[in-house]
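To start, the structure under review is shown below, and the notes come after it.
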Number of protein chains: 2
Amino acid sequence: MKKYSRILKKCPLFDGIEEDDLFRMLNCLGATVKSFDKKYAIFAEGDPAKYIGIVLSGSVQIIQNDYYGNRSILSSIESAQVFAEAFACAGLSTIPVTVIANEPCEIMLIDCNHILQVCSNNCKFHNKLIFNLMKDIAVKTIIFHQKIDVISKRSTREKLVTYLFQQSKKAQSDSFDIPFNRQELADYLEVDRSGLSVEISKLKKEGIINNQKRHFVLL
Amino acid sequence: MKKYSRILKKCPLFDGIEEDDLFRMLNCLGATVKSFDKKYAIFAEGDPAKYIGIVLSGSVQIIQNDYYGNRSILSSIESAQVFAEAFACAGLSTIPVTVIANEPCEIMLIDCNHILQVCSNNCKFHNKLIFNLMKDIAVKTIIFHQKIDVISKRSTREKLVTYLFQQSKKAQSDSFDIPFNRQELADYLEVDRSGLSVEISKLKKEGIINNQKRHFVLL
DNA sequence: TAAAATCTGTTGAATTTTCAACAAAATGGA
DNA sequence: TCCATTTTGTTGAAAATTCAACAGATTTTA
């Protein structure tokens with residue numbers, strides 16, 4: 001477990017918790033680590049909303065599939081970030097999404113009940129943990145706001161431009177990489193892939209952006 | 001303040017807190033109550049992310065306007081519900097939305113810093129309050145999931161049907177009222193109002209739904 | 001390394017949405 | 001109650017998206 005020390009320090013769930021306390025707490029919480037191959041479903045829709053996940057290495061995508069087979073990507077979760085934390089906390093019995101390993105992953109799993117039900121041993125850290133969890137979920141809410149800001153736009157072009165501005169702001173640079181390939185970006189923006197390719201080409205021709213694969217530059 | 005007792009008991013933020021403790025706590029938190037006329041902006045985009053609001057009477061809408069003037073309705077907040085709680089908790093300095101009184105409203109305002117920074121007087125309730133806040137924000141995340149589930153659909157008809165199913169499930173009945181008029185529903189579904197009217201008419205003709213103003217029945 | 005599989009950009013046709021305009025119905029205020 | 005305003009449903013034209021199909025480029029894997 002110690003070997004994940006560096007990455008766990010970056011996890012917002014453990015902000016302000018000292019390393020010694022952290023590992024004692026993880027032990028108390030019954031945290032486990034599992035590895036997943038690329039494209040493997042870490043959680044599937046309908047699974048019990050029991051565990052929260054922390055990405056130790058690799059990255060995962062949160063996916064929603066509707067009954068017509070349309071894939072919708074809700075978000076991309078990078079290393080040190082938490083996922084599936086809102087479902088158990090909100091009292092859902094099952095999770096409404098699928099979580100897919102985007103590449104080979106190591107994932108820490110913690111039973112959410114161990115966080116929500118205060119135990120007698122380590123209450124000092126426990127309240128801090130719940131506070132951190134609250135902040136983490138609040139940040140996720142903001143990320144959903146941003147996603148809605150993107151997909152509420154009516155045209156493919158506006159969705160794309162809004163998304164690229166957001167990514168540029170996040171990277172604090174006009175030059176940045178996105179975590180999606182074309183089909184995935186289309187599934188995030190909720191548009192047709194071929195129409196998306198057309199818009200990217202147009203924006204390039206108009207001298208508004210530069211692009212090569214996953215790398216974009218705003219001009 | 002006592003006259004709001006009945007409604008405050010329903011507020012998820014105060015779950016499990018006794019009435020006496022509640023009013024002592026509200027006093028400690030410096031909670032105030034303000035009235036707003038219909039269509040008045042309780043918060044405007046760019047305001048400091050300082051206060052959380054609780055709807056004591058009336059209802060409010062969370063609105064996002066883009067630079068093209070498209071109005072997007074994020075959610076409708078009914079009485080006893082909390083709003084604007086995620087922004088301060090996530091560490092935003094300003095709020096990215098506008099909150100409009102949908103009808104004459106009484107709103108309780110609480111400085112979020114008073115919740116986030118533990119004071120020495122009432123720590124016992126304070127941790128409970130933060131726990132409740134965490135749950136409340138988690139539920140809001142789920143509500144955003146549902147909104148994304150709706151607007152990720154590609155056609156007006158699918159968006160409408162998905163929304164109506166959600167409302168039916170929420171009301172636990174095939175017969176229910178929605179909190180929006182036609183233009184507002186269009187702004188929530190992110191579609192054109194006239195196109196929405198057409199789809200509602202079609203679904204009625206096809207015998208799939210019944211509808212009169214804000215009342216819908218799934219057949 | 002070569003073959004297989006996946007990813008990306010392009011095109012044209014079909015479908016859908018948006019937009020503007022209008023009239024009927026419903027609502028609110030004097 | 002009556003008039004003014006707002007809301008709603010309908011229509012046709014313009015614009016945009018989706019869909020299917022394909023070829024070139026890239027990546028994977030055997």
Side-chain angles (χ1 to χ4, degrees), chain A residues 37-40 61 66 68-73 100-104 150-164 177-206 208-216, chain B residues 37-39 61 66 68-73 100-104 150-163 177-206 208-216:
Chain A
D37 291 334
K38 185 173 177 174
K39 301 210 173 171
Y40 193 93
Q61 290 182 343
D66 67 17
Y68 279 105
N70 286 322
R71 178 179 73 164
S72 168
I73 297 181
I100 302 283
N102 198 35
E103 47 192 315
V150 167
I151 66 174
S152 68
K153 299 285 183 296
R154 300 300 169 82
S155 69
T156 299
R157 187 190 179 99
E158 274 189 84
K159 286 179 184 178
L160 174 59
V161 169
T162 303
Y163 175 75
L164 292 177
D177 290 298
I178 66 171
F180 300 129
N181 66 26
R182 286 292 179 279
Q183 182 62 60
E184 288 168 344
L185 180 56
D187 289 344
Y188 180 86
L189 301 180
E190 319 288 357
V191 298
D192 181 69
R193 181 196 60 78
S194 67
L196 173 61
S197 277
V198 170
E199 287 303 333
I200 290 172
S201 297
K202 274 194 202 165
L203 288 171
K204 279 165 86 173
K205 267 180 207 143
E206 294 169 22
I208 294 169
I209 67 169
N210 242 324
N211 156 254
Q212 202 178 11
K213 294 174 191 171
R214 293 177 179 215
H215 187 73
F216 285 80
Chain B
D37 291 335
K38 185 173 178 174
K39 300 210 176 172
Q61 290 182 344
D66 67 17
Y68 280 103
N70 285 322
R71 178 178 74 162
S72 168
I73 297 182
I100 303 282
N102 198 36
E103 48 192 315
V150 168
I151 67 174
S152 68
K153 299 287 183 294
R154 300 301 169 79
S155 69
T156 298
R157 186 191 179 98
E158 272 190 86
K159 286 179 185 178
L160 174 60
V161 169
T162 303
Y163 175 76
D177 289 299
I178 66 171
F180 300 128
N181 67 23
R182 286 291 179 278
Q183 182 63 61
E184 289 168 343
L185 180 57
D187 289 344
Y188 179 85
L189 300 180
E190 319 287 0
V191 298
D192 180 69
R193 180 196 61 79
S194 68
L196 173 61
S197 276
V198 170
E199 288 302 334
I200 290 173
S201 298
K202 273 193 204 167
L203 287 171
K204 279 165 86 174
K205 266 180 210 146
E206 294 170 22
I208 295 170
I209 67 170
N210 243 323
N211 157 252
Q212 202 176 9
K213 296 175 191 170
R214 292 176 180 218
H215 187 73
F216 285 80

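Each chain gets a letter, A, B and so on, in the order its sequence line appears, and its residues count up from 1.
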From C-beta outward on A:Ser201, which listed nucleotide comes closest to its side chain: C:dT10, C:dT17, D:dT10?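 Of the options given, the side chain of A:Ser201 lies nearest C:dT10.
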Choosing from D:dG9, C:dT10, D:dT17, which nucleotide comes nearest the side chain of A:Ser155?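 When the side chain of A:Ser155 is considered, D:dT17 is the closest of D:dG9, C:dT10, D:dT17.
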Using a strict 4.0 Å threshold on nitrogen-to-oxygen distance, state whether A:Asp187 and A:Arg71 make a salt bridge.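 Answer for the salt bridge query: yes.
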Does the pair A:Arg157/A:Glu206 count as a salt bridge with the N-to-O cut at 4.0 Å?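 Answer for the salt bridge query: yes.
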Which atoms form the tightest heavy-atom contact between A:Pro179 and A:Gln61, and what is the distance?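 Looking at all heavy atoms of both residues, the shortest contact is O-NE2, 4.2 Å.
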How far apart are the closest heavy atoms of A:Asp37 and A:Ala101, and which atoms are they?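 Shortest heavy-atom contact: O-CB, 3.3 Å.
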What is the distance, rounded to the nearest whole Å, between atom [atom1] of [X] and atom [atom2] of [N]?
X	N	atom1	atom2	result
B:Lys202	D:dG9	NZ	C1'	14 Å
B:Lys153	D:dT18	NZ	P	14 Å
A:Ile151	D:dT17	CD1	P	15 Å
B:Ile200	D:dT7	CD1	P	15 Å
B:Phe180	D:dT7	CZ	P	15 Å
B:Glu199	D:dT8	CD	P	17 Å
A:Glu158	D:dA15	CD	P	16 Å

Backbone of B:Glu190 reached by a side-chain donor or acceptor of A:Arg154 within 3.5 Å: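 Checking the backbone N and O of B:Glu190 against the side chain of A:Arg154, a donor-acceptor pair under 3.5 Å is found.
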Counting primed atoms, P, OP1 and OP2 as sugar-phosphate and everything else as base, the B/S/- map of nucleotides 18-30 of chain C against protein heavy atoms under 4.0 Å is SBB-----SS---
Going by the rule side chain to side chain contact (heavy atoms under 4.5 Å, CB included), which residues pair with A:Asn210 if we only count those two or more places apart in sequence or in a different chain?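 Counting only residues at least two positions away or on another chain, A:Asn210 forms a side chain to side chain contact (heavy atoms under 4.5 Å, CB included) with A:Val217, A:Leu219.
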